[in-house]
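Just so you know, these numbers come straight off a predicted model, no measurement behind them. Just so we're on the same page: letters track the sequence lines, and every chain starts at 1.
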Amino acid sequence: MIQHLHPETIRKDFAIFNAHPDLVYLDSAATSQTPIQVTDAVLNYYESFNANVHRTIYSIGNEATQAYEAARKKIADFIGAEDAASVIFTKSATEAINLVAHAWGRKNLSAGDEILITEMEHHSNIVPWQLTAKETGGDLKYIPISQEGELEDWENCISEKTKLVAITHQSNVFGTINPIKELAAKAHAAGALVLVDAAQSVPHSKVNVQELGCDFFAFSGHKMLGPTGVGVLYGKTDLLEKMDPFLGGGEMIKTVTMETSTWNEIPHKFEAGTPNIAQAIGLGAAADYLNDIGMENVYAHEQELLQYTLNALGDLPGITIHGNPKKRGGVVSFNVDGIHPHDAAQFLDDDGIAVRAGHHCAQPIMQKLGVAATCRASAYLYNTKSDIDKLHDSLEKVKSVFN
Amino acid sequence: MIQHLHPETIRKDFAIFNAHPDLVYLDSAATSQTPIQVTDAVLNYYESFNANVHRTIYSIGNEATQAYEAARKKIADFIGAEDAASVIFTKSATEAINLVAHAWGRKNLSAGDEILITEMEHHSNIVPWQLTAKETGGDLKYIPISQEGELEDWENCISEKTKLVAITHQSNVFGTINPIKELAAKAHAAGALVLVDAAQSVPHSKVNVQELGCDFFAFSGHKMLGPTGVGVLYGKTDLLEKMDPFLGGGEMIKTVTMETSTWNEIPHKFEAGTPNIAQAIGLGAAADYLNDIGMENVYAHEQELLQYTLNALGDLPGITIHGNPKKRGGVVSFNVDGIHPHDAAQFLDDDGIAVRAGHHCAQPIMQKLGVAATCRASAYLYNTKSDIDKLHDSLEKVKSVFN
Amino acid sequence: MAGKPGYQYVMQDIRELYQEVILDHNQNPRNFGPLESANREAEGFNPLCGDQLKLYADIENDAIKDIHFDGSGCAIFKASSSIMTELAKGKSVEEADTLFDQFHELVTTGSADAESLGKLAVMAGVHQYPARVKCASLAWHTLKNILDGSNETVTTE
Amino acid sequence: MAGKPGYQYVMQDIRELYQEVILDHNQNPRNFGPLESANREAEGFNPLCGDQLKLYADIENDAIKDIHFDGSGCAIFKASSSIMTELAKGKSVEEADTLFDQFHELVTTGSADAESLGKLAVMAGVHQYPARVKCASLAWHTLKNILDGSNETVTTE
Ligand SMILES: Cc1ncc(COP(=O)(O)O)c(C=O)c1O
Ligand SMILES: Cc1ncc(COP(=O)(O)O)c(C=O)c1O
Ligand code: FES
Ligand code: FES
């Protein structure tokens, strides 16, 4: 049963709203706020069992190892992965995608092979493939998007030449939720692998990597109530097992001689060096927190706020909302006619409202829309309708200043 | 003026000694404990200005950006770097070394070129070069070490063929402090670059990258009282400017079109994706903390403990101490005759003493010593002579159990 | 922001940043659009927002006879560019160099010799908004390039 | 550890791990060294510590006629290997399989059917020390490989 969230109660878990009671934070698509349950989990590591993992005999080292591996299990469960070993901790979604581009892409792609991405990707899912294409002689192709912010004619973009489809689950500009399941089926039929950039979907909806049928799945901790400095790459175990490592160092080896080395089992093969222990543990706590609230409830709450936002901004003359995808998350990009987004955002800030102004690391979309930048308001479980009312009122004020 | 440290006072800053009053922590070479000044700085980010950096108009975003860039400046000052832009935040020392192996090594090395490392390297400074040598066709050579744990005949290992010398500043097994300055001068004369693995030196002594004359310099936050999940690569600015990027994504670009991208200035060119904001800020606080105490004092304190440890263990029959380098930090590796290091460490743990047992990610040293593993006791500013006394007494007990 | 974080934004008042003069120059930029008689040109680019600038100058005998700007960007950018052209026009290269230094000090430190500032004074508020310093600086750094005879595109990072 | 962290090490007593029997097997390992009559061999490796094991077995008509181990490692490893050879010797392959299952349950859950455990019971303490489970398991997993007729080196990760 979907239940109503109580953002007012939820806000009490977030110290930032104590420090800044009037803060209207509408930039969760960039980074989310952090509940005390997460900072407590992080603190608890430093205060009670601060030790390196995996190679310690002593008690606090065992605790650290157990807590770190328990976090891996929590994340595996959170995304519906069967095997905890298929979850690799990285420093960010960006690193997760680059890991695949290096450890899989550079070994498995060659001239004539196609990497298929979309026009709505974040730079983190564009630049690694531009670099990979250049190194391997492969071709980078784009699924076009419509003015509504939806994929266009993607079925016909997949061919026998396609070796990898790398696509965002949810657009950070339009909020579009892409049809990953259908796309993965079609890609697999053509013999291609599928990487999903889930940086914007995992925090805001219930996901299941097995149902989606993807091969790789990347996301960040800091956008889902977790700490900065931790991300996740999920990969199918047989793929990960076949792949060569990415970074070399401690943890990822089985044996090292002066001449050569052999690799550890997954996931450790891909976690060279001392891992981000405290951050992984914090991310596990974030998953716990979100589970307690229920991802269906988070999604429903954001859908409600989304409609409310679209109505509120639609009421204001001279506001252009970009895109109108049928299935979308709680992200709204807009411009105020005749007012540069950075000026608008500056005035909103003066009213305590944090929205993002810029290209949102998605310059190809900006080029498509013919703007240098937009404003973007993105909601999360701690936002209320009153936040949106304040956005509405403040935008009215901005317009009056510039007219 | 060198002053005496007061470890008893210092310990009050470390919550772990409150949680475990009897903990004798002698594994700081693996990871150090974390003072409240550092966890407070991290918490302060999450509680007061939790926001993404570099692209925000709003106030808490500006604060986050300023705090993050202030941390960079603190680290630059801490290692004597002239320009904050020469400091790149990575996730670990391991990633820092791999960054150079990819972004510099794979572009600048070719068949016949030599990478020179030493037999006392940590796996993090071996495996990346094995992989780079394999990719480029270059040769990996080793400076041999003596039974004392010192470099042997290094002058004659550097030749016209040498393109890079990658060497640890301080051995994590023997404690050996290597003659980087002399070695860098000789390497530069031969036209080679010098990378210093400073994971064990930066936490324990005053370093100055300009005096050392190195080109690259890598270390980790978690070994110098900082958070996990953050490391540093220092590089000479002109080198960094000439290098291609490593990871692709947000932050590191200037422009992105569907066809191609241009790169941001350093250091951002090498910091793709949302950075480890809270961890970098925490590392800045760790540098502040160490500065307040004075690195000369930290070094002097550890030298005193080192002598005390060597005497204490030397007093016990049937203990083999590995290596005897003339210049060394506070790290002592040993075996108890007839007792496996993991058994010894298990009994020490039972007395509340945390030492490391294992190969210390330095298997080539183990092969040289002809042992599978050793015990290692490593000290830091919070350790006392009483800690060493307890180690001594507990080792005596262990010996009696097994005899 | 209400309940502003204390870091260093103590005296923020957004109308210090968006003074009437600035709003006016934003609406009615002076010396806007290409300049036919230009004998020097330079470009500027702000990678943080993607905004671009083109400067056209007619410099003869070390004097700036005329100067225009073109491009799109925020109000701070437009106003700063517009005011810059007004101030630079008719000045000698040396005088313009001095203006640049004054501007630079003003936006980085927030203080400068008040007497000599004249019209520039309206830019003082920018200093309180580190994220906007680049908006205000772009035109001035591009001017500097023209004065120095450099052809590189200015990027404000 | 004094003031032990509460995580799950509540009842730790190191003498539960290092019982007299274990210290004895460590000092005087049974069935130690190569076995001339062996018709099956298998290797084990613990990457956490680098310790290695070699098992030799003489298996005829589905019965383990003789079994030896060789290698070096910690006391837990040596004792567990030594006790394993004692228990497996003379058993049928099926019986040895059952022993393996009992051992496996014992060290992962800490509990097993006490009656049928016999000598194995001394390994119960290992369960409290997750970092040492691999030491105790190596010989058993390598035995399992021999029973299954597999040639791969066992690694305990
Ligand atoms: C000498 C040396 N180099 C490199 C490293 C790797 O550091 P990290 O694991 O933090 O990447 C270590 C620490 O384990 C070390 O001791
Ligand atoms: C769709 C999408 N992909 C990838 C990323 C990159 O995430 P990170 O910066 O945490 O690596 C982001 C966030 O900025 C994003 O919105
Ligand atoms: S926002 Fe682009 S120049 Fe101001
Ligand atoms: S420590 Fe190697 S097997 Fe026990």
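A distance-only check finds a donor-acceptor pair linking the side chain of A:Ser378 to the backbone of A:Ser28 [under 3.5 Å]. Remark: side-chain polar atoms of A:Lys269 are not paired, donor with acceptor, to backbone N or O of A:Ile253 under 3.5 angstrom. Judged by distance alone, the side chain of B:Asp351 and the main-chain N or O of B:Ile353 form no donor-acceptor pair under 3.5 Å. No donor-acceptor pair closer than 3.5 Å links the side chain of A:Asp197 to the backbone N or O of A:Asn125. In this structure a side-chain-to-backbone donor-acceptor pair under 3.5 Å is present from B:Thr65 to B:His54.
Both the backbone and the side chain of A:Tyr46 come within contact range of chain B, with heavy atoms under 4.5 Å apart. Interface remark: B:Glu47 contributes backbone and side-chain atoms alike to the contact with chain A (heavy atom separation under 4.5 Å). Of the two parts of A:Gln279, the backbone and the side chain both hold a non-hydrogen atom closer than 4.5 Å to a non-hydrogen atom of chain B. Using a 4.5 Å cut-off between heavy atoms, A:Thr132 makes no contact with chain B at all. In this structure, chain A has a heavy atom under 4.5 Å from the backbone of B:Ser32, while its side chain stays farther away. Only the side chain of B:Met252 comes within contact range of chain A, judged by heavy atoms closer than 4.5 Å. Heavy-atom distances place the side chain of B:His359, and not its backbone, under 4.5 Å from chain A. Looking at B:Leu247, the atoms closer than 4.5 Å to chain A (heavy atoms on both sides) sit in the backbone and in the side chain alike. Residue contact with chain B, scored on non-hydrogen atoms closer than 4.5 Å, is absent for A:His360. For a residue to count as touching a neighbouring chain, one of its non-hydrogen atoms must lie under 4.5 Å from one of that chain's; by this rule B:Leu131 touches chain A with the side chain only. In this structure, chain B has heavy atoms under 4.5 Å from both the backbone and the side chain of A:Thr255. Contacts of B:Glu119 with chain A are made by side-chain atoms alone, with heavy-atom separations under 4.5 Å and no backbone atom involved. When heavy atoms are compared at a cutoff of 4.5 Å, A:His342 approaches chain B by way of both its backbone and its side chain. Contacts between B:Val230 and chain A at a heavy-atom distance below 4.5 Å are absent for every atom of the residue. Interface remark: A:Ile277 contributes backbone and side-chain atoms alike to the contact with chain B (heavy atom separation under 4.5 Å).
The most heavy-atom pairs under 4.5 Å with chain A, out of B:Ala272, B:Pro245, B:Ala93, come from B:Ala272. In terms of heavy-atom pairs under 4.5 Å with chain A, the best-connected choice from B:Asn18, B:Thr257, B:Val355 is B:Thr257. Ranked by heavy-atom pairs under 4.5 Å with chain B, the list A:Ala133, A:Pro227, A:Ala357 is led by A:Pro227. With chain A as the partner, the residue from B:Val127, B:Thr228, B:Thr274 showing the most heavy-atom pairs under 4.5 Å is B:Thr228. The most heavy-atom pairs under 4.5 Å with chain A, out of B:Ser92, B:Cys361, B:Ser261, come from B:Ser261. Among the candidates B:Thr94, B:Asn276, B:Ile57, B:Leu348, the residue making the largest number of heavy-atom pairs closer than 4.5 Å to chain A is B:Ile57. Contacts with chain B were tallied for A:His122, A:Glu251, A:Glu259; A:Glu259 has the most, counting heavy-atom pairs under 4.5 Å.
The distance from atom OG1 of A:Thr118 to atom CE of B:Met258, rounded to the nearest 0.5 Å, is 9.5 Å. If you take CD on A:Gln346 and OG on B:Ser59, they are separated by 8.0 Å, rounding to the nearest 0.5 Å. Summarising the geometry, atom OH belonging to B:Tyr380 is positioned 11.0 Å from atom NZ belonging to B:Lys223; distances are rounded to the nearest 0.5 Å.
For residues 36-43 of chain B, heavy-atom neighbours of chain A at less than 4.5 Å comprise B:Thr39, B:Leu43, sorted by residue number.
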**Item:** Audit row: A:Lys368, A:Glu121, salt bridge (Lys or Arg N to Asp or Glu O under 4.0 Å) steps and yes/no
**Value:** CA-CA 12 Å; A:Lys368 189 102 186 176; A:Glu121 298 309 311; over 6 Å; no
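In summary, B:Asp27 and B:Arg376 engage in a salt bridge, as defined by a charged side-chain N under 4.0 Å from a carboxylate O.
Classified by interplanar angle (parallel below 30°, tilted 30° to 60°, perpendicular above 60°), the ring pair B:Tyr68/B:Phe89 is tilted.
B:Thr34 and A:Tyr45 share no side-chain donor-acceptor pair at under 3.5 Å. Side-chain atoms of A:Thr260 and B:Gln130 form no donor-acceptor pair, as typed in the model, at a separation below 3.5 Å.
Crowding of A:Lys141 atom NZ: a count of heavy atoms from other residues, nucleotides or ligands under 6.0 Å not exceeding 12.
Aromatic pair B:Tyr25/B:His20: centroids not less than 6.0 angstrom apart.
In terms of the side-chain hydrogen bond (donor to acceptor under 3.5 Å, both in side chains) criterion, residue partners of B:Gln33 (sequence neighbours excluded) are, by chain and number, A:Asn50.
Between A:Pro128 and A:Ser124, the shortest heavy-atom contact is CG-O, 3.1 Å.
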